[in-house]
S.K.: 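The structure is given below, and queries will be raised subsequently.
Computed from heavy atoms alone, side chains included, the values below leave out hydrogens, waters and symmetry copies.
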Amino acid sequence: MVVSVLEEMRIKGLGVIDDAVVELSSGFTAVTGETGAGKTMVVTSLGLLLGGRADAAYVRIGASSAVVEGRLHVPAGGPAARRAEEAGAELDEGALLISRTISAEGRSRAHVGGRTVPAGLLAELGEDLVAVHGQTDQQGLLRPARQREALDRYAGEPVAEPLVDYQQTYQRLRSVAGELAELTTRARERAQEADLLRYGLDEISAAEPRQGEDAELAAEAERLGHVEALAGAAAQAHGALAGDPADPESLDAVTLVGGAHRALEAVRAHDRSLAELADRLGEVGILLSDAAGELAGYGDGLEADPRRLAAVEERRATLGHLIRKYGDGSADGAGAVLSWAETSAARVAELEGDDDRIGELTAERDNLRHRLTELALALSEARAQAAKRFADAVTEELAQLAMPHARVQVALRQTEAAGGPETADDVIELHGRPVHFGPHGADEVELLLAPHPGAQPRPIAKGASGGELSRVMLAVEVVFADVAPVPTYLFDEVDAGVGGKAAVEVGRRLARLADAAQVVVVTHLPQVAAFADRHLVVEKTHDGTVTSSGVRSVHGEGRVRELSRMLAGQEDSELARAHAEELLATAAAQLRERGR
């Protein structure tokens, strides 16, 4: 026997369960109870502990919240222990305490080892510790994608390694093909954009604007437009400073300031402050003389030039046109035009380089498709090798589940494309044929079942009854347990549609699976429950309008009564009790034969 991973669960306020403790052990545990008693809530509780979706509908009517707590034994140094410790959780002598709370409003909280954690961490722990299977998993097994996953899981590394390379190559091919399609589709738009940009660049190049030229021209136009006024003002100012040569008696500022300076110079030796004023007047005289000289020169160089004014205005009009088209509204209009030209030149180079990029992407796409073809072929070969072993292993398990003549086959097919690989992005050439491919390769996997000799293998969706499908699913899980075991298996009515001898064989096979793992089965079949090492009963009581459920362990007489109820609906029926005792004795004898 192995040490159980899931040691205990406490459930409060979940569905019909008011407050129950589910104590589990290693080996095979059966969970039974009347319809509506809440057996499925045990599975739901474990699902919540393993990061399942929280739903306010799970909360018991009248309760403020639902709480599920669990104690798991986690192997030291294992993946689950490392994940928990990385999240800051603490282990208590190898036991990991986890809990999940759902409020009546639908809010959810998760705790691991005393630390609040995301629900996603619970799901990661569950992947390493528990495999949960219910009736929905049986329906899932009907989907081709699920069947492909089953085969890949069984094949192990021979498929897993090329599949990783394939998926990386596939994603890169999708990215390259998408970029290539966009560039090719937008070729006309890109050509139009490049033409517009080149037209603007040619227009700017022809004008040859300079940084700040528009401001310089504005100043020159202002001066040329007011030549007469500027000349008159300059002459008047010059006369005020230097005097009028035609009137020797006129007074001017330079002469007056010079007289003042000479008067102070005569007595500066007597007073330091007056000497300072004399120096200042000397400086003023020099400045006035300089200003008068510049005014004379300004007037001499000032000349009306209508042709120059016209040229300036024409240039300003040219720059204004460019600024309105390519400027950004800033004060430096010519600078904005030059900046647009620089950016546009870079964009034209980029657009012209798209042709080179298309060539590069086309070459990369072809190389990727070639590599993808090699990987798809490797995947197909690895799957083909695993398919025969997988089919034989499941067939052998079905023989142990009262289907001795059933045969399982795994069919690998590829969907042939109408055209060649060059006609579509999802087509490659495999074995000389154009076939479609996807993110998991080019193979379509389908489980076929021939339930009896002479029957043609048919897809399990069409060739298997409900009970047969349950046994196929159980057989597949048992095969998985041999190649990729987990410590705990939880089956929710995996025996649906099964009865009679087949039910006995299901119980026997689940007991064999429990030799190497903890197995918890929610069942309605006494033939299955009889093989359990531990039998839990979910029972409900009525208190007015409130129904509550609890979980208790039964053994001895209590177990006989429960099996009798399951057999005949009557705990005290003598025939049912005799049948129940016979089932228990048969199961015990077979367990003893295997050393259990």
S.K.: Using side-chain heavy atoms (C-beta onward) and a distance below 4.5 Å, is F390 in contact with V476?
M.R.: yes
S.K.: So E446 and P459, do their side chains get closer than 4.5 Å, heavy atoms only?
M.R.: yes
S.K.: Are a donor atom and an acceptor atom from the side chains of T255 and D252 found within less than 3.5 Å of each other?
M.R.: yes
S.K.: Can you establish whether the number of heavy atoms outside K388 located under 6.0 Å from its atom NZ is more than 12?
M.R.: no
S.K.: Verify, without hydrogens or angle tests, whether R100 (side chain) and G52 (backbone) share a donor-acceptor contact under 3.5 angstrom.
M.R.: yes
S.K.: Does the pair V410 and L447 meet the rule for a side chain to side chain contact (heavy atoms under 4.5 Å, CB included), with working shown?
M.R.: CA-CA 5 Å; V410 179; L447 289 181; 3.6 Å; yes
S.K.: For the OG atom of S380 and the CD atom of Q385, what is their distance to the nearest 0.5 Å?
M.R.: 11.0 Å
S.K.: Just so I know, are the side chains of L151 and L412 near enough to count as touching, which here means a heavy-atom distance under 4.5 Å?
M.R.: yes
S.K.: Hey, can you tell me if Y166 and F437 have their rings parallel, tilted or perpendicular (30° and 60° cut-offs)?
M.R.: perpendicular
S.K.: Can E265 and R268 be counted as an ion pair, charged N to O under 4.0 angstrom?
M.R.: yes
S.K.: Could you report the tightest heavy-atom contact between T373 and E429, atom names first, then the distance?
M.R.: CG2-O, 3.2 Å
S.K.: Compare all side-chain heavy atoms of V164 with those of P162 and state whether any distance is below 4.5 angstrom.
M.R.: no
S.K.: Could you give the distance from CD1 (I428) to CG (L368), rounded to the nearest 0.5 Å?
M.R.: 12.5 Å
S.K.: What pair of heavy atoms forms the shortest contact from V348 to A194, and how long is it?
M.R.: CG2-O, 4.4 Å
S.K.: Please test L281 against L277 for side chain to side chain contact (heavy atoms under 4.5 Å, CB included), starting from the C-alpha separation and ending with a verdict.
M.R.: CA-CA 6 Å; L281 284 175; L277 288 173; 5.6 Å; no
S.K.: Hey, mind stepping through L201 and Y326 against side chain to side chain contact (heavy atoms under 4.5 Å, CB included) and telling me if it holds?
M.R.: CA-CA 10 Å; L201 289 171; Y326 310 113; over 6 Å; no
S.K.: Are L163 and D152 close enough that some pair of their side-chain heavy atoms sits under 4.5 Å apart?
M.R.: yes
S.K.: Between H111 and T116, is any side-chain donor less than 3.5 angstrom from a side-chain acceptor?
M.R.: yes
S.K.: How long is the straight-line distance from CG of D214 back to CD1 of I323, given to the nearest 0.5 Å?
M.R.: 4.5 Å
S.K.: Taking the basic N atoms (NZ, or NE/NH1/NH2) and the acidic carboxylate oxygens, is any pair closer than 4.0 Å for E216 and R210?
M.R.: yes
S.K.: Apply the test salt bridge (charged side-chain N to carboxylate O under 4.0 Å, His left out) to residues E213 and R315: give CA-CA distance (whole Å), side-chain angles for both, the deciding distance (0.1 Å), then the verdict.
M.R.: CA-CA 10 Å; E213 184 181 2; R315 179 63 175 172; 2.8 Å; yes
S.K.: For D55 and I102, work out which heavy atoms get closest and say how close.
M.R.: O-CG2, 3.9 Å
S.K.: Taking atom CD of E342 as the centre, does the number of heavy atoms from other residues, nucleotides or ligands within less than 6.0 Å exceed 12?
M.R.: no
S.K.: Is there a donor-acceptor pair closer than 3.5 Å between any side-chain N or O of S289 and the backbone N or O of G285?
M.R.: yes
S.K.: Working to the nearest 0.5 angstrom, can you tell me the gap between L230 CG and Y298 OH?
M.R.: 3.5 Å
S.K.: Look at D443 together with R148 and state whether they make a salt bridge at an N to O cut-off of under 4.0 Å.
M.R.: no
S.K.: With a 4.0 Å cut-off, would you call R83 and E86 a salt bridge?
M.R.: no
S.K.: Report yes or no: do Q167 and H440 form a side-chain donor-acceptor pair below 3.5 Å?
M.R.: yes
S.K.: Out of curiosity, S108 OG to L122 CG, how far, rounded to the nearest 0.5 Å?
M.R.: 8.5 Å
S.K.: Over all heavy atoms of both residues, which pair between L264 and A278 is shortest? Give the atoms and the distance, please.
M.R.: CB-CB, 3.8 Å
S.K.: Ignoring hydrogens and geometry, is there a side-chain-to-backbone donor-acceptor pair from H226 to E222 under 3.5 Å?
M.R.: yes
S.K.: Are any of the side-chain heavy atoms of V112 and L97 separated by less than 4.5 Å?
M.R.: no
S.K.: Please step through salt bridge (charged side-chain N to carboxylate O under 4.0 Å, His left out) for the pair E360 and R357, ending with a clear verdict.
M.R.: CA-CA 5 Å; E360 293 172 1; R357 180 61 177 159; 3.5 Å; yes
S.K.: Is the count of non-hydrogen atoms from other residues, nucleotides or ligands lying under 6.0 Å from E228 atom CD greater than 12?
M.R.: no
S.K.: Do T169 side-chain atoms and D165 backbone N/O form a donor-acceptor pair below 3.5 Å?
M.R.: yes
S.K.: Any carboxylate oxygen within less than 4.0 angstrom of a Lys/Arg side-chain nitrogen, looking at E283 and R280?
M.R.: no
S.K.: Are the side chains of N367 and H370 in contact, using a 4.5 Å heavy-atom criterion?
M.R.: no
S.K.: Give a yes or no on this: more than 12 heavy atoms of other residues, nucleotides or ligands lie within 6.0 Å of atom CD of Q236.
M.R.: no
S.K.: Run the side chain to side chain contact (heavy atoms under 4.5 Å, CB included) test on D332 and Q211 for me, step by step, so that the C-alpha distance in whole Å, both residues' side-chain angles and the decisive distance to 0.1 Å come before the verdict.
M.R.: CA-CA 8 Å; D332 186 5; Q211 187 88 23; 2.5 Å; yes
S.K.: Compare every heavy atom of A292 with every heavy atom of H238, then report the nearest pair and how far apart it is.
M.R.: CD2-O, 2.9 Å
S.K.: Quick check: closest heavy atoms across A341 and I204, and the distance to 0.1 Å?
M.R.: CB-CD1, 4.0 Å
S.K.: Would D366 and R369 pass as an ion pair if we require N to O under 4.0 Å?
M.R.: no
S.K.: Would you find a donor on one side and an acceptor on the other, under 3.5 Å apart, between the side chain of T343 and the backbone of S339?
M.R.: yes
S.K.: Given E444 and T415, is the side-chain hydrogen bond (donor to acceptor under 3.5 Å, both in side chains) satisfied, shown in steps?
M.R.: CA-CA 8 Å; E444 294 179 2; T415 302; 2.4 Å; yes
S.K.: What distance do L256 atom CG and L241 atom CG have between them, rounded to the nearest 0.5 Å?
M.R.: 11.0 Å
S.K.: With distance as the sole test, does D305 use its side chain to make a donor-acceptor pair with the main-chain N or O of R308 at under 3.5 Å?
M.R.: yes
S.K.: Less than 4.5 Å apart, side chain to side chain, heavy atoms only: is that true for Q168 and R172?
M.R.: no
